[in-house]
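Structure, as structure tokens:
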There are 2 protein chains.
Amino acid sequence: MSPSRSSETSAHERLYRNLRQRIMLGELPPGQALTLRGIAAEHRVSMTPAREAVRRLVAEGALSLSSSGRIATPELSVERIEELAALRGLIEPELASRALPRAHQALIERMAVINAAIGEAAESHDAIGYIRTNLEFHRLLYLRAQAPAMLAIVETVWLQLGPTMRALYGRVKRNEPPRHHRMILASLRAGDEPGLRLAVRADVTHGLRHLGTT
Amino acid sequence: MSPSRSSETSAHERLYRNLRQRIMLGELPPGQALTLRGIAAEHRVSMTPAREAVRRLVAEGALSLSSSGRIATPELSVERIEELAALRGLIEPELASRALPRAHQALIERMAVINAAIGEAAESHDAIGYIRTNLEFHRLLYLRAQAPAMLAIVETVWLQLGPTMRALYGRVKRNEPPRHHRMILASLRAGDEPGLRLAVRADVTHGLRHLGTT
DNA sequence: CATGCCCGCATGTGATCACAAACGGGGCCG
DNA sequence: CGGCCCCGTTTGTGATCACATGCGGGCATG
């Protein structure tokens, strides 16, 4: 076809990034149905790149296939959510700990700025903005850990939790940033490694705890 | 086309499973080049299912694409290997701990049998058999943890390490099962949770430690 | 004999077609 | 009025084709 848009990356890569971002930020509710032809048409490409992007996202747990092959965002069971939260609680403190020696003042200030943005998103009840800035807060720290494989796995977990997080934060009306973020920043400033691990673990575990109200 | 082989699963699923197993067991050395047409021809299907299987494996880190899209098994840097080993050391003790309360006598005996098979594979210098039985030993335990998401992530890590493990075990001539396996079995029998965590962590960390000889 | 260029072929990407299955709505029967 | 069946249509799967790209071997050149 005419390469009207001469983007650097291949078509399926663009579809993949677009879908991945929408899922991770919770723009799609759990159980949302998708079709290959719909995705393809939306991006003005044929079914082939759509198939590859979907296949990739299914492999990462960001989408699920019904027994007959229909595509939808996953509807997570409570057990699975708790398991994914446990994985976050296992890996993220490790990433934070590895990032701590490299976390300079400038980084901490940038994190504080993002934390303020989280507060703004919370005040205006912007669920997607809240999720996005919250993930940015964590990712900015973890990038300093110089551990790409660990970060990739954590992002996969975030991806799987995306639709559920949206449903969760859409219900719980927050007005302020997570309380543990201040503890994370304080521990970073103090160079307090055990405190940082605890703060990160608490932050990660806390948000996913009130699920009994489902 | 004529559905000559009426297998239950779709074609790309069969290709995926076949390739995944070969990679995880270390049948392919690091840097081994593959082609879509080659994979397709080997399984008597068209390129389409081969593409989807490869895409899925790339998403899991089992295969890597060059900048021009060529397919090969990944050649891991030492840093990445250490990171993946750290992930194993983080998650596998947790899985073992969760499996412990459900680990009955019958399970422990089956693990002991597999451990003997590991010894046989080691004696006959059967690298692939060694890797396969070793993973079976761990998987059999972790299945009891009732934590499918964690198990899936650990298996992804195993998958990424597959070609490297082959290169590793092919060089180091082992003659016996990993020494920490006896500690794992003993901790299981004694119901000793902290000991189990330590034994698993040691087992996982130990095997990947002697990399300086590269 | 070493080195760099060049062309042919292998390879991945995307589009399109054919087909089987299953979803779902409308109508029929109890 | 409710439940069930049936058929049209949507949807995923696999095959095949056209094309751009880049790798690699062979030849010419210094």
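As rounded to whole Å, 12 Å separates atom P of C:dC17 from atom CE of A:Met47. A straight line from CG of A:Leu15 to P of C:dT13 spans 13 Å, rounded to a whole angstrom. Atom CG in B:Leu63 sits roughly 11 Å away from atom P in C:dG12 (whole-Å rounding). Going from atom CD of B:Glu52 over to atom C1' of D:dG12 covers 9 Å, rounded to whole Å. The distance from atom CG of A:Leu36 to atom P of C:dT16 is 16 Å, rounded to the nearest whole Å. One interatomic measurement links the two molecules: CD1 of B:Ile39 to P of C:dT13, which rounds to 12 Å at whole-angstrom precision. Separating the CZ atom of A:Arg70 from the C1' atom of D:dT9 is a distance of 10 Å, rounded to the nearest angstrom. For the pair A:Glu13 CD and C:dG14 C1', the interatomic distance rounds to 15 Å; values are reported in whole Å.
Residue A:Ser46 places at least one side-chain N or O closer than 4.0 Å to OP1 or OP2 of C:dA15. Taking 4.0 angstrom as the limit, A:Arg55 places a side-chain polar atom (N or O) nearer than this to OP1 or OP2 of D:dT13.
Out of D:dC23, C:dA18, D:dG14, the shortest distance to the side chain of B:His12 is found at D:dG14. Checking D:dT13, D:dA15, C:dA15 against the side-chain heavy atoms of A:Arg37 singles out D:dT13 as nearest.
The overall bend of the helix from C:dC1-D:dG30 to C:dG30-D:dC1, read as the angle between its terminal helix axes built from five base pairs each, is 10° when rounded to 10 degrees.
Residue contacts shown for A:Leu34 are limited to sugar-phosphate atoms, with no base heavy atom under 4.0 Å away. Among the heavy atoms of the strands lying under 4.0 Å from B:Arg51 is at least one base atom, whether or not backbone atoms are also near. Within 4.0 Å (heavy atoms only), A:Thr35 reaches sugar-phosphate atoms of the nucleic acid but no base atom. Among the heavy atoms of the strands, none lies under 4.0 Å from A:Leu65.
When all heavy atoms of B:Pro163 and B:Pro29 are compared, the pair lying nearest together is CB-C, 4.0 Å. Here the closest heavy-atom approach between residue B:Pro178 and residue B:Asn134 is recorded as CG-OD1, 4.4 Å.
Using a 4.0 Å cut-off between charged nitrogen and carboxylate oxygen, B:Glu13 and B:Arg56 count as a salt-bridge pair. Ionic pairing of A:Arg51 and B:Glu52 is present here: one or more N-O contacts between side-chain nitrogen and carboxylate oxygen are shorter than 4.0 angstrom. Between A:Glu155 and A:Arg20 there is a salt bridge, since at least one side-chain N of the basic residue sits less than 4.0 Å from a carboxylate O of the acidic one. With respect to A:Glu42 and A:Arg22, a salt bridge is recorded, a charged nitrogen being found less than 4.0 Å from a carboxylate O.
Position along DNA chain D of the nearest nucleotide to A:Ser68 versus B:Ser68 favours A:Ser68 as the more 5'-ward residue.
Ring to ring, B:His138 and B:Tyr142 are close: their centroids are under 6.0 angstrom apart.
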